[in-house]
Amino acid sequence: MELTPEPYNHDGTELDILQQYGSFQAFWNAQHAELGQHPRNDPPDDDDMDVADRWNQDRPPPPAWEVYERWLMQEWRQLLDSEPGELEVQQFLEQHPSLLPGAGDDVGRGHHGPCWDAVITQPSLKGLSRERIPDFMWVRSDTSTVYALCIEIEAPTKPWFTLDGQSTAHLTQALDQILEWKVWFSLPENMLAFRHAYIPVDLGYQRIEVQFILVYGRDGEFRQDESRHKDPLYLRRKRDLIPRASEYLYTFDQLRPERDAADVVTISGRRDSFNIVAVPPSFTTGRGTKQLASQIPDISSALTKTPLISEERKGYLATRWDYWRRSAMPRPNLRFNNAREHSGE
């Protein structure tokens, strides 16, 4: 059975394949013949159509998700138990953005996923000082709405409540910062500037819904066997009633890596002038790489900081990034590259 992509899924590569081979089945068999393999008789599935060059078995693979997840949680707990400062936590989360709330669509919805397959670190909000801007921001979307999720993190050592059960000054200040963001987004001129700076051009017609996330403190404050409080369960109930409209509160212990965000990278800057900050070990390339690669020439410097993968893997990813950058440019002729990586590997 011949499978042809729906019109809205066509990109230049797909159209060239259809023009040169007539069908994806013919293209599939020709590519297998080049690799000395037997042609496939079964039709390619949706993933196969999305990834034309997945057959390179010699590519250096990323760590299996289960391996990365286990390693990451161990590193994360060790970091938290070392009583780190906010900067250390910021840098760790930049390197491993799948830990951040909003990496999946459990917060803020937006089932189409993060725009640019990236989280933005320390996005600028015009008029706010650097000390008052979000630590991270997701921009997610669905068919009708763009969701901006602004995240504030504090040092994990900061307590929620004093010994007499009152909110600490640190917590009050963190909540007030979120209130400042709400005021900022309530002004039409700021929302217009935000749309121009951070919303993809093709989503510029959609409404924007802003939500706010605070990551603060440790779970131990609310556990009977660890807490310094006389009634930690009461304070847990009190904590759960703190969030106002469009707000979500997490402790650092609640953060878990989200597999759907395995390919998400960390970027800084504004739309059309982004810079790459960090690439996680789970990162793989694919068609989704093209949009960001079209404006970021190289990821080699970010890859030098990536743990858990080999130098060979880093070189491979840099090569694939360059491939997708070139593929985003107008091309007079079709060029196949059998080293393309399957984004779901």
Side-chain angles (χ1 to χ4, degrees), residues 69 72-94 96-109 119 122 128 131-138 147-186 209-258 261:
E69 182 180 35
L72 178 56
M73 286 307 301
Q74 181 177 349
E75 294 291 313
W76 179 234
R77 293 189 186 102
Q78 288 178 356
L79 176 65
L80 294 180
D81 290 344
S82 71
E83 299 187 351
E86 184 178 332
L87 179 59
E88 291 177 84
V89 176
Q90 174 86 21
Q91 292 173 341
F92 189 92
L93 292 173
E94 285 177 350
H96 307 284
S98 63
L99 278 169
L100 286 166
D105 60 3
D106 54 327
V107 179
R109 301 184 297 280
V119 66
Q122 298 185 324
L128 292 183
E131 292 74 25
R132 306 301 286 176
I133 61 176
D135 291 302
F136 294 97
M137 182 175 69
W138 295 103
Y147 303 92
L149 281 68
C150 298
I151 303 175
E152 169 68 11
I153 65 171
E154 296 286 340
T157 53
K158 294 180 179 180
W160 290 75
F161 299 105
T162 63
L163 288 177
D164 61 359
Q166 302 301 307
S167 297
T168 64
H170 292 303
L171 177 61
T172 301
Q173 290 168 4
L175 293 170
D176 186 68
Q177 181 159 323
I178 289 178
L179 193 57
E180 283 193 29
W181 297 345
K182 288 187 172 183
V183 173
W184 190 91
F185 280 103
S186 72
E209 182 177 321
V210 188
Q211 297 184 309
F212 308 90
I213 299 171
L214 173 62
V215 185
Y216 188 100
R218 302 292 305 274
D219 277 356
E221 187 170 355
F222 307 99
R223 292 176 180 156
Q224 195 70 51
D225 57 342
E226 297 181 44
S227 180
R228 63 195 182 100
H229 300 293
K230 293 181 180 179
D231 192 351
L233 296 181
Y234 169 79
L235 293 179
R236 169 67 181 270
R237 289 192 290 271
K238 186 173 182 178
R239 184 198 76 183
D240 291 344
L241 294 172
I242 290 175
R244 299 158 296 199
S246 303
E247 295 179 1
Y248 300 86
L249 271 57
Y250 289 79
T251 67
F252 283 93
D253 298 280
Q254 288 179 288
L255 304 191
R256 295 288 186 276
E258 175 64 56

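Since the model is a prediction, treat every value here as computed from it, not as a measurement. The chain is numbered in sequence order, starting from 1.
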Practice prompt. Evaluate salt bridge (charged side-chain N to carboxylate O under 4.0 Å, His left out) for R239 paired with E221, printing each intermediate quantity in order.
Written response: CA-CA 11 Å; R239 184 198 76 183; E221 187 170 355; over 6 Å; no
Worksheet item: Would K238 and D231 satisfy salt bridge (charged side-chain N to carboxylate O under 4.0 Å, His left out), going step by step from the backbone distance to the final call?
Response: CA-CA 11 Å; K238 186 173 182 178; D231 192 351; over 6 Å; no
Fill in: Criterion side-chain contact (heavy atoms from CB on, under 4.5 Å) on F92 and W76, from CA distance to verdict
CA-CA 8 Å; F92 189 92; W76 179 234; 3.5 Å; yes
Worksheet entry | Derivation of the side-chain contact (heavy atoms from CB on, under 4.5 Å) call for Y234 and F222 | CA-CA 9 Å; Y234 169 79; F222 307 99; over 6 Å; no
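With hydrogens and angles left out, the side-chain atoms of Q90 and E86 include no donor and acceptor closer than 3.5 Å.
Put simply, the side chain of K182 gets close to the backbone of A245: a donor and an acceptor are under 3.5 Å apart. A donor-acceptor pair under 3.5 Å is formed between the side chain of W181 and the backbone N or O of R132. Formation of a donor-acceptor pair under 3.5 Å by the D135 side chain with backbone atoms of I153 is found in this model. Judged by distance alone, with hydrogens and angles left aside, the side-chain atoms of Q173 form no donor-acceptor pair with the main-chain N or O of H170 at under 3.5 Å. With hydrogens and angles disregarded, a donor-acceptor distance shorter than 3.5 Å links the side chain of T168 to the backbone of P159. A side-chain donor-acceptor contact under 3.5 Å links Y216 to the backbone of L171. Judged by distance alone, with hydrogens and angles left aside, the side-chain atoms of S227 form no donor-acceptor pair with the main-chain N or O of Q224 at under 3.5 Å. Under a 3.5 Å cut-off, the side chain of R218 and the backbone N or O of L80 do form a donor-acceptor pair. Within the 3.5 Å criterion, the main-chain N or O of R244 finds a donor-acceptor partner in the side chain of E247. Between the side chain of T162 and the main chain of Q166, a donor-acceptor pair closer than 3.5 Å is present.
Of the inter-residue distances, the one linking E154 atom CD with Q177 atom CD reads 7.0 Å to the nearest 0.5 angstrom. In this structure, CD on Q74 lies 12.5 Å from CG on L79, to the nearest 0.5 angstrom. One distance of note links CH2 of W184 with CD1 of I133; it measures 11.0 Å at 0.5 Å rounding.
Residues L249 and W160 meet the side-chain proximity criterion, which asks for heavy atoms closer than 4.5 Å. D219 is listed as a side-chain neighbour of Q254, based on a closest heavy-atom distance under 4.5 Å. Using a 4.5 Å heavy-atom cutoff, the side chains of I151 and P134 are not in contact. The closest side-chain heavy-atom distance from L175 to L214 is below 4.5 Å.
Contact between T172 and S167 at its shortest, heavy atoms only, is OG1-CB, 4.1 Å.
Ring pair Y147/W138: centre-to-centre distance not below 6.0 Å.
The 12-atom threshold is exceeded at CD of E180, counting heavy atoms of other residues, nucleotides or ligands nearer than 6.0 Å.
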